[in-house]
**Student:** 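Structure provided below as structure tokens; questions to follow.
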Amino acid sequence: STVLPRARFDAAVRENVLATTEYVAEHREAVAVDVRSPGEYRGEVSGYSYLDAKGRIPGAVPAGDADDSARLYQNADGTLRGTDEIRRQWQSAGILRGQEIIFYCGGGWRSSLAFLHARAMGLDAVRNYSDGWSGWSTVYEQTPGVGWRQRPSANPVDGGR
């Protein structure tokens, strides 16, 4: 096998596309778009074996599960679905209202796919909240002798806890 030489990668964080927990809390006028499964959105399941919290960010709009297996954002062969098709889905869901859009899922993968579609459509006022539901709902603490524990954050939650 070929061993590649070490390389340094430098990139600047593009603050205009990143949403942090603080940003989401401070920009409630933006449309929070949930691209998790229907059960996650309704607060029936957390979606992750390691996450106790269930529910959604208050006011979030569901935009369909962006998971690979759901095939809402991707075709069976892994290629992206057409932007016109996704735009129609989002319009019927009331997502494209002229406000800033913040996509979120549980931890960033699914929301990055929706974010990619939005950018491919030419939408500029979009952000990806990569901490997603995990970052919104939960605080992780390391306790000596106990290890990592999670507790509910102080952020408001709809549909569960």
Side-chain angles (χ1 to χ4, degrees), residues 1-27 30-37 39-41 45-57 60-87 89-90 95 99-155 157:
S1 74
T2 304
V3 176
L4 298 175
R6 294 182 82 181
R8 182 179 170 100
F9 176 76
D10 290 313
V13 174
R14 294 181 56 200
E15 301 288 338
N16 64 320
V17 298
L18 174 67
T20 62
T21 299
E22 294 77 24
Y23 187 91
V24 174
E26 292 169 6
H27 291 85
V31 180
V33 177
D34 189 321
V35 293
R36 299 175 303 151
S37 71
E40 288 171 279
Y41 177 79
V45 297
S46 76
Y48 300 87
S49 62
Y50 55 85
L51 181 62
D52 295 336
K54 300 173 187 168
R56 64 183 173 275
I57 297 173
V61 177
D65 190 351
D67 190 78
D68 297 345
S69 62
R71 303 284 183 246
L72 293 177
Y73 290 87
Q74 298 180 67
N75 298 308
D77 66 359
T79 58
L80 296 178
R81 295 184 77 112
T83 55
D84 290 340
E85 183 179 357
I86 302 300
R87 183 186 304 275
Q89 290 174 10
W90 290 352
I95 293 166
Q99 294 148 291
E100 180 178 48
I101 299 169
I102 301 173
F103 293 101
Y104 81 94
C105 60
W109 160 245
R110 293 176 284 179
S111 60
S112 67
L113 183 58
F115 174 84
L116 177 63
H117 273 285
R119 297 296 289 195
M121 288 179 206
L123 300 177
D124 291 325
V126 295
R127 290 177 182 260
N128 185 32
Y129 177 31
S130 62
D131 287 345
W133 178 245
S134 179
W136 182 262
S137 65
T138 306
V139 174
Y140 296 92
E141 301 171 319
Q142 189 171 22
T143 306
V146 177
W148 286 100
R149 299 178 64 174
Q150 49 184 291
R151 65 173 174 82
S153 72
N155 294 318
V157 170

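Count residues from 1 along the sequence.
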**Student:** Among all residues two or more places apart in sequence or in another chain, which pass the side chain to side chain donor-acceptor pair (under 3.5 Å) test with Asp34?
**Tutor:** Arg36, Tyr104
**Student:** Where is the tightest heavy-atom contact between Val126 and Ala118, given as atom of each residue plus distance?
**Tutor:**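 In terms of heavy atoms, the two residues are closest at CG1-CB, 3.9 Å.
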**Student:** Distance check, rounded to the nearest 0.5 Å: His117 atom NE2 versus Ser112 atom OG?
**Tutor:** 10.5 Å
**Student:** Tyr140: what forms a ring-ring contact (aromatic ring centres under 6.0 Å, His included) with it, not counting sequence neighbours?
**Tutor:** none
**Student:** Contact between Glu40 and Trp133 at the side-chain level, heavy atoms closer than 4.5 Å - yes or no?
**Tutor:**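 Glu40 vs Trp133: side chains apart.
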**Student:** Hey, what do you get for CZ (Arg127) to CD1 (Ile101), rounding to the nearest 0.5 Å?
**Tutor:** 12.5 Å
**Student:** Measure up the Tyr50 and Tyr48 rings against each other and bin them: parallel (under 30°), tilted (30 to 60°), perpendicular (over 60°).
**Tutor:** tilted
**Student:** Could you tell me which residues satisfy side chain to side chain donor-acceptor pair (under 3.5 Å) with Thr83, sequence neighbours excluded, listed by chain and number?
**Tutor:** none
**Student:** Got a sec, which residues hit ring-ring contact (aromatic ring centres under 6.0 Å, His included) with Phe103, two or more places apart in sequence or on another chain?
**Tutor:**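 If we apply the ring-ring contact (aromatic ring centres under 6.0 Å, His included) test to Phe103, skipping adjacent residues, the hits are Trp90.
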**Student:** Considering non-hydrogen atoms only, spot the tightest contact between Leu51 and Ser134 and give its length.
**Tutor:** CD2-CA, 4.1 Å
**Student:** Identify the two heavy atoms, one from Tyr41 and one from Ala60, that lie closest to each other, and give their separation to 0.1 Å.
**Tutor:** OH-O, 2.9 Å
**Student:** Decide whether Ser130 and Asn128 meet the rule of one side-chain donor and one side-chain acceptor closer than 3.5 Å.
**Tutor:**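 Their side chains do not contain a donor-acceptor pair, so the 3.5 Å distance test is not met.
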**Student:** Could you list the residues that satisfy salt bridge (charged side-chain N to carboxylate O under 4.0 Å, His left out) with Glu26, not counting sequence neighbours?
**Tutor:**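 Once residues adjacent in sequence are excluded, Glu26 has no partner under the salt bridge (charged side-chain N to carboxylate O under 4.0 Å, His left out) criterion.
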**Student:** The criterion is side-chain contact (heavy atoms from CB on, under 4.5 Å); which residues satisfy it with Ser49, sequence neighbours excluded?
**Tutor:** none
**Student:** Between Gln150 and Asp52, which heavy-atom pair has the shortest distance, and what is it?
**Tutor:** OE1-N, 3.0 Å
**Student:** Any chance you could measure Leu72, atom CG, to Ile86, atom CD1, to the nearest 0.5 Å?
**Tutor:**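 Atom-to-atom, Leu72:CG and Ile86:CD1 are 7.5 Å apart.
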**Student:** Residues two or more places apart in sequence or in another chain: which of them pass side-chain contact (heavy atoms from CB on, under 4.5 Å) with Thr79?
**Tutor:**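 Per chain and number, Thr79 pairs via side-chain contact (heavy atoms from CB on, under 4.5 Å) with Asn75, Asp77.
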**Student:** Which heavy atom of Ser111 sits nearest to which heavy atom of Cys105, and what is that distance?
**Tutor:** N-SG, 3.4 Å
**Student:** Sequence neighbours excluded, which residues qualify as side chain to side chain donor-acceptor pair (under 3.5 Å) partners of Arg149?
**Tutor:**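 None.
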**Student:** Taking all non-hydrogen atoms of both residues, which atom of Ala19 and which atom of Val24 are closest, and how far apart?
**Tutor:** CB-CG2, 4.1 Å
**Student:** Please list, chain by chain and in numerical order, all residues satisfying salt bridge (charged side-chain N to carboxylate O under 4.0 Å, His left out) with Asp65, sequence neighbours excluded.
**Tutor:**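 Result, salt bridge (charged side-chain N to carboxylate O under 4.0 Å, His left out) vs Asp65: Arg110.
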**Student:** About how many Å separate CG of Asp67 and CG of Leu113, when rounded to the nearest 0.5 Å?
**Tutor:**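 If we round to the nearest 0.5 Å, Leu113:CG and Asp67:CG are 9.5 Å apart.
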**Student:** Run the side-chain contact (heavy atoms from CB on, under 4.5 Å) test against Arg14 and tell me which residues pass, sequence neighbours left out.
**Tutor:**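 Listed in chain order: Asn16, Val17, Arg119.
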**Student:** Can you list the residues that meet the side chain to side chain donor-acceptor pair (under 3.5 Å) rule with Gln89, with sequence neighbours excluded?
**Tutor:** none
**Student:** Run the side-chain contact (heavy atoms from CB on, under 4.5 Å) test against Thr21 and tell me which residues pass, sequence neighbours left out.
**Tutor:**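 Thr21: side-chain contact (heavy atoms from CB on, under 4.5 Å) contacts with Tyr129, Asp131, Trp136, Asn155.
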